[in-house]
Amino acid sequence: DTGVSQDPRHKITKRGQNVTFRCDPISEHNRLYWYRQTLGQGPEFLTYFQNEAQLEKSRLLSDRFSAERPKGSFSTLEIQRTEQGDSAMYLCASTPAVGGEYNEQFFGPGTRLTVL
Amino acid sequence: ELKVEQNPLFLSMQEGKNYTIYCNYSTTSDRLYWYRQDPGKSLESLFVLLSNGAVKQEGRLMASLDTKARLSTLHITAAVHDLSATYFCAVDVRGGADGLTFGKGTHLIIQP
């Protein structure tokens, strides 16, 4: 069992550039979540997918943020025209949600974004 | 809007002592989670509490849930240095449809 993986682990970019992060959930977990964590705070929910369907995206921080999960397996989170305030840890989590019963979320190692 | 409040936010204690971290939340929920986070690392699941009166224990940590009081506690018994970390409680109110709402975390330092 390889757990949730995320790539890259660290990303440094200049303000105004676009960045994309990837998350590979635990195999056969059909729900996938994205969170943002800033220093000294708990993770903040951004969006989630049930298989390939994005069921909640109103919590994405702005229209510069978008996420996809095209085949119901891995997911990507893109931030366009990055700003210094986007600097944070971006966490991905997955859960099996079998038969309508929701279970605990398992988190990946995160991608730490620094916007210069 | 769901609010999750933890206290204390910072705790420094000596090895061998007992202490309790409190987690209050503002909306009815019967699903509460405790996570541990080491510096620069991701979150490790500690406990899943799914009903009123639930109590779970793992080693020196014990978590409980009182849904009527909207309160969960994480009790540390005879603390050891390896338990130094940040502990988060998180609440789920819509079966995961709103993700988890986290508290700000309790930064715990256990000194020899």
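The sequence lines fix the lettering, A, B, ..., with proteins before strands; numbering per chain opens at 1.
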(message) Angle between ring planes, A:Phe107 versus A:Tyr35, binned at 30° and 60°: parallel, tilted or perpendicular?
(response) tilted
(request) Could you check if a side-chain atom of B:Ile110 sits within less than 4.5 angstrom of a side-chain atom of B:Val80, using non-hydrogen atoms only? (result) no
(message) Which label fits A:His29 and A:Phe106: parallel for a plane angle under 30°, tilted from 30 to 60°, or perpendicular past 60°?
(response) tilted
(message) Would you say that more than 12 heavy atoms from the other residues, nucleotides or ligands in this model lie under 6.0 Å from the CG of A:Leu116, or not?
(response) yes
(request) Could you look at B:Gln6 and say if it's the side chain, the backbone, both or neither that has a heavy atom under 4.5 Å from chain A? (result) neither
(request) Output the residues of residues 42-73 of chain A for which the shortest heavy-atom distance to chain B is under 4.5 Å, in residue-number order; output 'none' if no such residue exists. (result) A:Gly42, A:Pro43, A:Phe45, A:Tyr48, A:Glu56, A:Arg59
(message) How about CD on B:Glu5, more than 12 heavy atoms from neighbouring residues, nucleotides or ligands closer than 6.0 Å, or not?
(response) no
(message) I'd like to know if the side chain of A:Ser87 reaches the main chain of A:Val115, judged simply by a donor and an acceptor atom lying under 3.5 Å from each other, with no hydrogens or angles considered.
(response) yes
(request) For the pair A:Tyr90 and A:Phe21, name the ring-plane relationship: parallel under 30°, tilted 30 to 60°, perpendicular over 60°. (result) tilted
(request) Sort out for me which of B:Val48, B:Thr101, B:Leu43, B:Asp98 touches chain A most, counting heavy-atom pairs under 4.5 Å. (result) B:Asp98
